[in-house]
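Chain naming here is simple, since letters A, B, ... match the order of the sequence lines and numbering starts at 1 in each.
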2 protein chains.
Amino acid sequence: MTLPRPRTRIQRKNITAILEAALEVFSQYGFRGATLDQIAQASGLSKPNLLYYFPSKEAIHAALLAQLLDTWLDPLRALDPAGDPRQELLAYVRRKLEMSRDFPRESRLFANEILQGAPRIMDAIEGELKPLVDEKAAVIRGWSAAGKIADVHPYHLIFSIWALTQHYADFDVQVRAVLGEEGADPFPEAERYLDMLFTKLLAV
Amino acid sequence: MTLPRPRTRIQRKNITAILEAALEVFSQYGFRGATLDQIAQASGLSKPNLLYYFPSKEAIHAALLAQLLDTWLDPLRALDPAGDPRQELLAYVRRKLEMSRDFPRESRLFANEILQGAPRIMDAIEGELKPLVDEKAAVIRGWSAAGKIADVHPYHLIFSIWALTQHYADFDVQVRAVLGEEGADPFPEAERYLDMLFTKLLAV
DNA sequence: ATTTAATTTGACCAATTGGTCAGGATTACG
DNA sequence: CGTAATCCTGACCAATTGGTCAAATTAAAT
């Protein structure tokens, strides 16, 4: 059995550049709307050079989705059943909002996939996300039953956390346009607002 | 001056079919990712036939966006400064959720435009949406100052209504996949959940 | 029934798209 | 330094894309 060669300096440089450029283009235009020429140009390579590193447009896209899914579930996984319910949920909200602030394009890549009907990530949704959500929903339901937090529908609670945090990434241009100069950076106020919203919602 | 001829039976039929088909395709794939062939096929016409009614792909898309923008702002416009603040805001939430339920593709068309950086609707956002939001934000701020509702950041309140209601349309495939068979129709529970969320949030 | 207007579409077009490939250029390594 | 490996790209390809157009067909008006 042959060991795969370690990645060369140039490979590491160019693969990074390609994925960075592809994230920009795919997150904006989706899979069908993105072109290899756009990605090649944005990465500073020629199209055949880009295809030297990735066999196809599909492969680039798949690599991005794999990266995304590798980290997207971590915040929900971190929800500790043994922890303080309110702190755990507020920490989850904060973590999700931070991700929207720090990885807006990844959020938009995901949104784009969902808008298309999730053709490439439905396996991951059904196979990983759903079981995880089911598990955490049961935890939340237990917390409610024990009177530790208000009685809320666990699934809709989780959806609301996703909706409220991802919105700042996915609809970023709208949020910034509506806020104008006054709200140059929406995230500090968003964090305060969401903290308050969920604190009140969960209060017994 | 020549009066425009009224639309013929066939024109009405075919223009409707084209816009219906185009809404399906554009809301899924965005402008760049959609093709005239797809739209033609979905509308039951040939491509040249489709182009007999609309001069270009751009023109079809523009017609859809014009329709969308014509109705999208109505619920916020209906927020009555003289009404009961809590009832007005809860009515707005309900109306927005109904729109997500009844016009999910329109919501996704809008989301797609925003993900692309809003290249074709930024004039409408800055020229119509922002002034309207500014106006209603001032109303909400007045309500808070008068102690009629809790002191919340008006803009983030409005964003949260958009985020929470549109999510059910935009992320519909994810919501339904996570809920599985148990949540065949998420909207009744969503309405209850959002009523409660905003009731608690706005409570003084 | 005839004429005029509207509608439909196969064939075609230039440009774009996701790729392929051979050969030259650059890099890495002994 | 020489050589092997890696990297790069102009030229090319078939398929697709947003259209165009003239002639045939259908619908509406007289």
Side-chain angles (χ1 to χ4, degrees), chain A residues 2-65 109 112-113 116 119-120, chain B residues 2-65 109 112-113 116 119-120:
Chain A
T2 327
L3 285 185
R5 277 179 172 276
R7 282 200 171 150
T8 67
R9 172 185 68 90
I10 292 180
Q11 284 174 349
R12 291 196 304 275
K13 169 170 161 291
N14 286 339
I15 288 172
T16 299
I18 291 166
L19 290 176
E20 182 71 22
L23 178 59
E24 190 67 40
V25 178
F26 282 130
S27 66
Q28 188 167 359
Y29 297 111
F31 182 78
R32 279 191 53 89
T35 70
L36 285 174
D37 271 325
Q38 275 179 310
I39 297 169
Q41 187 162 49
S43 61
L45 306 184
S46 66
K47 187 175 52 160
N49 196 186
L50 175 123
L51 290 167
Y52 174 77
Y53 292 97
F54 289 89
S56 65
K57 181 179 170 185
E58 186 86 46
I60 303 171
H61 193 249
L64 283 177
L65 286 183
L109 179 68
N112 229 308
E113 273 315 292
Q116 284 170 52
R120 299 173 202 88
Chain B
T2 328
L3 285 185
R5 277 180 174 277
R7 281 197 171 156
T8 66
R9 172 186 67 91
I10 294 180
Q11 285 175 349
R12 291 197 304 275
K13 170 172 160 289
N14 285 340
I15 288 171
T16 299
I18 291 168
L19 290 177
E20 182 68 22
L23 178 58
E24 190 66 40
V25 179
F26 281 129
S27 66
Q28 188 166 359
Y29 298 112
F31 181 77
R32 278 192 54 88
T35 69
L36 285 173
D37 271 326
Q38 276 178 311
I39 296 169
Q41 186 161 48
S43 61
L45 305 183
S46 66
K47 187 174 54 161
N49 197 185
L50 176 123
L51 290 167
Y52 174 77
Y53 292 96
F54 288 89
S56 65
K57 180 177 169 185
E58 187 85 46
I60 304 171
H61 193 247
L64 283 176
L65 287 183
L109 179 69
N112 228 307
E113 274 314 292
Q116 286 171 51
R120 300 173 200 85

Kindly assign one of parallel, tilted or perpendicular to the pair B:His61 and B:Phe26, based on the angle between their ring planes and the thresholds 30° and 60°.
-> perpendicular

Listed once per pair and sorted, the side-chain hydrogen bond (donor to acceptor under 3.5 Å, both in side chains) pairs that draw on residues 41-53 of chain B, sequence neighbours left out = B:Asn14-B:Tyr53

Which of residues 8-18 of chain B have a heavy atom under 4.0 Å from DNA chain D?
-> B:Arg9, B:Ile10

Tell me which residues in residues 39-62 of chain A put a heavy atom below 4.0 Å from DNA chain D, sorted by number, or none.
-> A:Ser46, A:Pro48, A:Asn49, A:Tyr52, A:Tyr53

Of B:Leu23, B:Leu50, B:Leu19, which is the lone residue that meets side chain to side chain contact (heavy atoms under 4.5 Å, CB included) with B:Ile39?
-> B:Leu50

Residue pair B:Gly30 / B:Gln116: nearest heavy atoms and the distance that separates them | CA-NE2, 3.6 Å

Quick one: are B:Gln28 and B:Gln38 in side-chain contact, heavy atoms under 4.5 Å?
-> no

Going by heavy atoms in the side chains, are A:Ile15 and A:Phe54 under 4.5 Å from each other?
-> yes

Enter the distance from A:Arg120:CZ to A:Leu64:CG here, rounded to the nearest 0.5 Å.
-> 11.5 Å

Identify, with sequence neighbours excluded, every residue that meets side chain to side chain donor-acceptor pair (under 3.5 Å) alongside B:Glu24.
-> B:Arg105

Name all residues meeting the salt bridge (Lys or Arg N to Asp or Glu O under 4.0 Å) criterion together with A:Arg7; count only those two or more places apart in sequence or in a different chain, and write none if there are none.
-> none

How would you label the contact of A:Arg7 with the nucleic acid (heavy atoms, under 4.0 Å): base, sugar-phosphate, or nothing?
-> nothing

Nucleotide interval of DNA chain C bounded by contacts with chain A (heavy-atom cut-off, under 4.0 Å) | C:dT17 to C:dA28

Worked check of side chain to side chain contact (heavy atoms under 4.5 Å, CB included) between A:Thr35 and A:Tyr29 | CA-CA 9 Å; A:Thr35 70; A:Tyr29 297 111; over 6 Å; no

